[in-house]
Amino acid sequence: MNEEINVKNSNKCTVRLMEILKRDTHFNKDEIEALYKIYKKLVASSKMNMVYMSSGNIGHPTTISKTNKIHEGVDRIVFQELLHNTFDLVTEDNLMDRIFCAWDKNNEGLLKAEMWIGGLSVFLRGSFDERMQYCFRVYDLNSDGFISKDEMFQLLKNCLVKQPQEEDPDEGVKDLVEIILRKLDVDRDGKVSFEDYETTVRNEPLLLEAFGQCLPTEGACLTFLSTLQI
């Protein structure tokens with residue numbers, strides 16, 4: 001009986017976390033509780049991944065000693081599977097990793113509950129300003145506050161279909177980078193600051209995801225919200 005109570009309690013938000021999430025996200029109390037339950041299920045999957053990796057034998061899980069404690073959170077593997085299967089995000093590994101980093105604001109390598117639900121808030125109900133800031137963080141590969149030509153190249157190099165007869169297939173990507181740079185680089189300093197990006201995207205919202213999809217479709221958002229059964 002006590003074990004059942006403990007399990008139920010472990011699937012509920014603490015009062016402090018609930019207050020933070022009600023203040024900082026676009027979700028109400030019932031939605032946060034539902035999302036927290038999903039989070040706990042994802043954490044369980046992440047822990048299994050860590051057990052497999054630590055055992056050195058995939059498919060043969062082993063126990064973890066107290067001195068080798070597994071920290072709680074959603075790992076990259078589970079996160080990427082969720083984005084692919086639930087939100088129809090099919091992107092290159094490099095971009096998918098950047099999406100994870102944009103959610104993992106504390107740079108811990110695991111998404112804690114606050115980061116998980118905060119990221120979903122932007123994904124599902126974020127304002128245009130929140131989505132701009134999020135997309136820019138994703139595209140700013142080295143987090144220096146600018147999207148450089150090299151970063152643009154890395155983000156776009158897998159977008160173009162390479163023709164067999166092309167002598168240098170990268171030339172097409174470089175041309176595309178120059179075209180986008182002329183569009184986004186408002187102050188003409190050879191790189192794109194957030195101010196450049198914001199100015200351009202406000203005028204042309206279709207350029208929000210200029211360097212690759214990092215937000216779900218509206219249909220995927222509605223489908224996910226309907227599964228909360230609130």
Side-chain angles (χ1 to χ4, degrees), residues 1-54 63-87 89 96-138 140 143 214-216 218 220-230:
M1 184 69 176
N2 288 336
E3 287 183 4
E4 289 180 9
I5 293 173
N6 288 337
V7 169
K8 287 181 180 179
N9 288 338
S10 70
N11 285 331
K12 295 197 71 173
C13 256
T14 64
V15 174
R16 180 176 177 277
L17 180 59
M18 176 62 74
E19 290 306 311
I20 290 172
L21 293 171
K22 281 165 59 179
R23 180 194 70 202
D24 295 342
T25 72
H26 301 294
F27 298 122
N28 61 36
K29 180 178 182 294
D30 290 337
E31 289 170 333
I32 291 169
E33 290 286 9
L35 291 170
Y36 190 77
K37 288 177 182 177
I38 295 172
Y39 166 76
K40 295 298 285 188
K41 290 179 181 178
L42 295 174
V43 165
S45 296
S46 295
K47 283 183 177 178
M48 285 303 298
N49 286 340
M50 292 180 200
V51 169
Y52 292 152
M53 288 182 210
S54 65
T63 56
I64 301 295
S65 68
K66 292 181 180 179
T67 57
N68 191 19
K69 183 181 177 182
I70 291 179
H71 296 287
E72 179 175 290
V74 178
D75 68 15
R76 278 176 163 81
I77 296 171
V78 171
F79 179 76
Q80 290 178 8
E81 288 175 352
L82 176 85
L83 262 58
H84 177 72
N85 298 327
T86 304
F87 293 108
L89 273 180
M96 189 68 83
D97 191 61
R98 285 302 305 163
I99 293 172
F100 181 88
C101 291
W103 286 46
D104 181 20
K105 293 180 181 178
N106 293 338
N107 201 26
E108 296 180 30
L110 289 170
L111 296 179
K112 302 298 177 63
E114 188 175 346
M115 298 297 101
W116 153 253
I117 297 176
L120 283 175
S121 178
V122 175
F123 245 41
L124 300 170
R125 292 182 179 151
S127 66
F128 194 68
D129 282 359
E130 287 174 324
R131 291 185 170 211
M132 274 195 299
Q133 291 165 10
Y134 159 76
C135 288
F136 187 85
R137 282 200 308 274
V138 171
D140 179 12
S143 302
C214 52
L215 286 165
E218 184 177 352
C221 290
L222 292 174
T223 299
F224 180 81
L225 286 169
S226 70
T227 64
L228 297 182
Q229 299 177 346
I230 296 170

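The first residue of the sequence shown is numbered 1, and numbering continues consecutively from there.
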Novice: Please report the interatomic distance NZ(K112) to CG(N106), rounded to the nearest 0.5 Å.
Specialist: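 CG of N106 is found 8.0 Å from NZ of K112.
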Novice: Once rounded to the nearest 0.5 Å, what's the spacing between atom CD1 of I117 and atom CG of L124?
Specialist: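 Answer rounded to 0.5 Å: 11.0 Å.
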Novice: How many angstroms lie between CZ in R76 and CG in L111, if you round to the nearest 0.5 Å?
Specialist: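 R76 CZ to L111 CG: 8.5 Å, rounded to 0.5 Å.
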Novice: Regarding E130 and H26, is there a side-chain donor-to-acceptor distance under 3.5 Å anywhere?
Specialist: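 Yes.
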Novice: How many angstroms lie between OG in S45 and CG in D75, if you round to the nearest 0.5 Å?
Specialist: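 Here the interatomic distance stands at 8.5 Å.
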Novice: Working note: W116 + L82, criterion side-chain contact (heavy atoms from CB on, under 4.5 Å); need CA distance, chi angles, decisive distance, verdict.
Specialist: CA-CA 12 Å; W116 153 253; L82 176 85; 3.3 Å; yes
Novice: Please answer whether the main-chain N or O of E81 pairs with a side-chain N or O of N85 as donor and acceptor at a distance below 3.5 Å.
Specialist: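 Side chain of N85 to backbone of E81: a pair is present.
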Novice: Hey, does the side chain of N28 reach the backbone of D30 with a donor-acceptor pair shorter than 3.5 angstrom?
Specialist: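 Answer holds: yes.
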Novice: Give the minimum heavy-atom separation between C13 and I32, together with the two atoms involved.
Specialist: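 Here C13 and I32 meet closest at SG-CG2, 3.9 Å.
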Novice: Where the side chain of S226 meets the backbone of T223, is there a donor-acceptor pair that is under 3.5 Å apart?
Specialist: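 Yes: the side chain of S226 pairs with the backbone of T223.
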Novice: For a 4.5 angstrom cut-off between non-hydrogen side-chain atoms, does I38 reach L228?
Specialist: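 I38 reaches L228 side chain to side chain.
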Novice: Please examine the side chains of I99 and L83, heavy atoms only from C-beta on, and report whether any two atoms are closer than 4.5 Å.
Specialist: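 L83 vs I99: side chains touch.
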Novice: Which atoms form the tightest heavy-atom contact between L215 and C135, and what is the distance?
Specialist: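 Scanning both residues, the minimum pair turns out to be CD1-SG, 3.8 Å.
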Novice: In a check of ring pair (Phe, Tyr, Trp, His ring centres under 6.0 Å) between F123 and each of W103, F79, F224, which one passes?
Specialist: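 Between F123 and the candidates, ring pair (Phe, Tyr, Trp, His ring centres under 6.0 Å) is satisfied uniquely by W103.
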Novice: Looking at C214 and Y134, what are the two nearest heavy atoms and their distance?
Specialist: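 That would be O-OH, 2.7 Å.
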Novice: To the closest 0.5 Å, what do you measure between NZ (K40) and CG (L42)?
Specialist: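 If we round to the nearest 0.5 Å, K40:NZ and L42:CG are 11.0 Å apart.
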Novice: I want to check something: taking the side chain as every heavy atom from C-beta on, are L225 and R125 in contact at a cut-off of under 4.5 Å?
Specialist: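 A side-chain contact exists here, since the closest heavy-atom pair is under 4.5 Å.
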Novice: Take K12 and K37 through the side-chain contact (heavy atoms from CB on, under 4.5 Å) test and state the conclusion after the steps.
Specialist: CA-CA 7 Å; K12 295 197 71 173; K37 288 177 182 177; 5.7 Å; no
Novice: So, does Y39 use its side chain to make a donor-acceptor pair with the main chain of A113 at under 3.5 Å?
Specialist: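 Answer holds: yes.
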Novice: Quick one: are L21 and Y36 in side-chain contact, heavy atoms under 4.5 Å?
Specialist: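 No; the side chains remain at least 4.5 Å from each other.
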Novice: List the atom of A220, the atom of T86, and the distance in Å for their closest heavy-atom pair.
Specialist: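 Heavy-atom minimum between the residues: CB-O, 4.2 Å.
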Novice: State, to 0.1 Å, how close R98 and D140 come at their nearest heavy-atom pair, and which atoms those are.
Specialist: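 That would be NH2-O, 3.1 Å.
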Novice: Using every non-hydrogen atom in the two residues, find where V138 and A102 come nearest and quote the distance to one decimal.
Specialist: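 That would be CG2-CB, 3.7 Å.
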Novice: Should E114 and K105 count as an ion pair when the cut-off is N to O under 4.0 Å?
Specialist: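 So E114 does not pair with K105 through a salt bridge.
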Novice: For the atom pair CG (D97) and CD (Q80), what is the distance rounded to the nearest 0.5 Å?
Specialist: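 Reported to 0.5 Å precision, the distance equals 7.0 Å.
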Novice: Give me each pair satisfying salt bridge (Lys or Arg N to Asp or Glu O under 4.0 Å) with a member in residues 13-27, each pair once, sequence neighbours excluded.
Specialist: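 Passing the test, one end in residues 13-27: E19-K22.
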